[in-house]
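Inspection log for the structure reproduced underneath, given as structure tokens.
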Amino acid sequence: MSEHWSPGVARAMHELANATPAAPAANDVSARHLPSPRRPTPWLATVALVMAIGAVVGLVAIVGTQRHTAGGTGSVHVFHTHVETSMTFHLDCTDQIDNTGKFTSTVIDTWSDRAGKRWKSRIQYQDGSTHETIYFGSAIYPTRSFERGTSHDARVGCVGPKGDDAVLATGPGLPYSLSITPELSPDELPYVMPLSKIATPLKAPGTDDRGRVSKVWEVHVDGGGMSFDGGAELAMTQLQQWWVDPSDDQRITQRRFSTAVDTLGTGSFTETLDVDETIDVPESVFSTDGFTPLPFSPRPSLPTPPPSALVTTPPTGDPATWRLDPSFTVTPETRTLHVLVTRLGCNTGVTGVVNPPDLSAGTNNVRITFTVEHSAGGRCPGNDEVPYTVDLSMAVGVRLLYDGACADGAPAAAMSVCTDDKGVRWGP
Amino acid sequence: VDLRDEELYSKHADELIRFATALVGPSLAEDVVANAVLRSMSAPAWPSVLEPRAYLFKSVLNEARTLGRTDRRRQRREERAAEPESTDTPAISLEVRSALAQLSLRERSAIYLAYWHDLSVAEIATTLDISRRTAERALTTARRTLEERLS
């Protein structure tokens with residue numbers, strides 16, 4: 001059972017896990033006397049003493065050669081998933097990416113020891129070869145990671161005259177998880193958005209490729225362009241879909257990522273969950289024998305700018321909310337945003353003049369709060385959207401873009417424009 | 001030497017210490033596990049236990065309850081006297097400790113087993129030897145309390 005937990009629960013559980021001491025050594029156990037309130041009766045105490053000595057002698061023997069379960073002969077409680085992946089495509093180009101020795105369908109197993117902070121993924125290809133990784137410390141930003149085998153994931157797409165690749169579908173890469181959010185610690189959550197923050201649920205239920213009735217979530221990215229081989233940008237449409245178990249609204253059973261690029265064709269990658277279970281596996285599953293250490297990649301961070309660089313004083317005005325211009329794509333390198341601003345209050349459909357926004361940047365988010373010039377008010381059709389360009393004077397990085405009108409107690413906090421996405425307009 | 005006990009200790013020591021940490025905190029977890037293991041393996045019924053892992057988990061919970069009764073007064077006295085930086089559990093913030101203190105041992109057990117072991121309500125009920133309804137209530141209360149105090 002994979003479950004979504006609130007940040008509060010996750011924080012408490014992870015702080016406890018971080019504080020967990022090593023299990024008591026056997027000689028510590030042997031030196032121990034049972035507390036008096038529940039000490040057994042004398043005859044039982046004699047039996048217990050004999051048994052305890054026997055047990056402790058055994059424990060000393062174990063610990064002498066094996067520190068708890070770290071030596072490789074114990075077992076560990078893990079969350080295991082078994083997933084099948086496949087790619088489908090239709091390419092209109094004549095020069096296609098060479099996929100000799102690569103595969104468009106794979107089988108993936110994952111083992112998550114969340115308490116021990118260890119994650120393993122194994123991709124198996126159709127020729128029997130495998131590509132495995134083991135992560136320690138974090139599923140996203142590991143402190144140590146290891147690899148065995150080589151990726152044979154196909155990359156479906158076209159090759160331009162100058163040799164550039166346009167990829168329309170590719171394999172999942174490693175580490176792998178169909179639903180990684182439950183694996184994360186709270187301080188990783190701002191960097192990895194849960195499904196409910198990035199997608200929209202469809203009203204009608206659907207079925208996944210295994211025929212399971214599902215709630216379907218989608219993200220459409222329409223109007224973007226793919227730069228290809230130095231030519232003109234090609235119109236691109238992307239659709240990401242998740243099939244979710246309706247009984248808990250959290251368990252993802254299938255995901256599909258489809259891309260269509262004008263004149264090049266279409267490609268999609270689908271991953272379907274066949275097994276998710278909590279099982280005991282040998283400790284050796286997480287053995288790194290035969291694995292190669294991977295270079296350490298520190299968790300991304302951005303220099304914190306001096307406060308004055310990103311903080312302006314908002315003029316007085318009427319409250320407004322904003323969203324990203326859908327024709328504009330944000331990347332971590334983006335320094336200028338194109339947004340659409342809407343007056344919150346009734347004004348006969350007119351948003352009016354937009355004031356310069358109030359900007360404040362933190363480690364995990366950039367908060368942008370708009371106001372518009374004061375108006376006496378009017379009738380209440382929805383107001384129009386006014387385009388506005390926001391100069392951040394620094395890169396967005398891996399932070400959330402957050403509408404300040406949605407902050408607790410702010411004018412729009414309880415409105416659907418904020419409750420649907422909690423005011424988060426973009427995340428990495 | 002009972003090989004079964006050797007294997008059991010080897011297999012479950014780490015998860016028992018994690019469970020105990022969730023119940024009583026890191027400074028007392030070792031004591032609780034050591035006492036629970038010793039008491040379990042000394043019990044006359046031990047050789048006939050069919051589910052030793054569940055038995056050890058229950059034993060840790062019982063040990064935590066016993067410890068809680070005798071230790072609660074001392075702990076409160078120490079908490080009042082201690083400066084935040086002098087706490088013996090620096091990895092757990094005061095906010096989280098305070099939130100956890102609102103939970104009963106049963107509620108802590110339920111949320112721990114659900115979170116780290118992905119156990120269902122039925123499995124939690126079996127592990128803690130309580131009814132399914134009680135397990136569900138404990139889990140719901142624990143979730144709500146931690147969400148309200150820490151989210």
Side-chain angles (χ1 to χ4, degrees), chain A residues 1-3 5-13 15-24 26 28-35 37-38 40 44-45 47-49 51-52 54-59 61-63 66 68-71 73-77 79 114-116 182 186 276-278 280, chain B residues 1-3 5-7 9-18 20-22 25-27 29-31 33-35 37-39 41-44 46 63 66-67 69-70 89-93 95-97 99-100 111-112 114-120 123 142-143 145-151:
Chain A
M1 178 181 72
S2 177
E3 187 160 4
W5 296 93
S6 70
V9 174
R11 179 182 163 197
M13 293 296 108
E15 284 197 21
L16 281 168
N18 286 334
T20 300
D28 291 339
V29 178
S30 70
R32 186 172 300 272
H33 298 287
L34 292 173
R38 296 185 61 190
L44 183 56
V47 175
L49 182 63
M51 293 180 72
V56 166
V57 167
L59 297 178
I62 299 166
V63 175
Q66 171 195 328
H68 314 308
T69 58
T73 58
S75 70
V76 57
H77 218 50
F79 181 64
R114 289 188 290 173
D276 57 336
E277 58 188 359
T278 302
D280 283 329
Chain B
V1 175
D2 188 337
L3 288 174
D5 290 349
E6 294 178 19
E7 287 172 8
Y9 184 79
S10 165
K11 190 173 176 180
H12 300 302
D14 284 345
E15 60 178 347
L16 290 174
I17 198 81
R18 288 185 198 121
T21 301
S27 61
E30 291 182 39
D31 284 353
V33 168
N35 283 349
V37 168
L38 197 55
R39 200 185 297 281
M41 293 177 176
S42 307
W46 177 244
E63 200 63 42
T66 306
L67 184 79
R69 280 194 290 270
T70 57
T89 56
I92 303 179
S93 65
E95 195 183 2
V96 167
R97 292 179 72 189
L100 289 168
I111 194 85
Y112 175 85
Y115 188 89
W116 284 123
H117 293 265
D118 282 315
L119 295 195
S120 65
E123 290 167 325
R143 287 184 77 136
T145 303
L146 294 180
E147 282 168 13
E148 284 173 357
R149 296 183 67 99
L150 297 173
S151 289

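Proteins get letters first, then strands, A, B, ... in listed order; numbering begins at 1 in each.
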From the list Arg149(B), Glu15(B), Glu95(B), Glu123(B), the residue making the most non-hydrogen contacts under 4.5 Å with chain A is Glu95(B)
Where [X] and [Y] come nearest, the two heavy atoms and their spacing:
X: Gly116(A); Y: Arg18(B); result: CA-NH2, 3.7 Å
X: Tyr115(B); Y: Arg114(A); result: O-NH2, 2.6 Å
X: Leu119(B); Y: His77(A); result: CD2-NE2, 4.4 Å
X: Ala12(A); Y: Leu146(B); result: CB-CD1, 4.1 Å
X: Arg143(B); Y: Val9(A); result: O-CG2, 4.0 Å

[X], part contacting chain A, at a heavy-atom distance under 4.5 Å:
X: Leu100(B); result: side chain
X: Ala22(B); result: both
X: Glu147(B); result: both

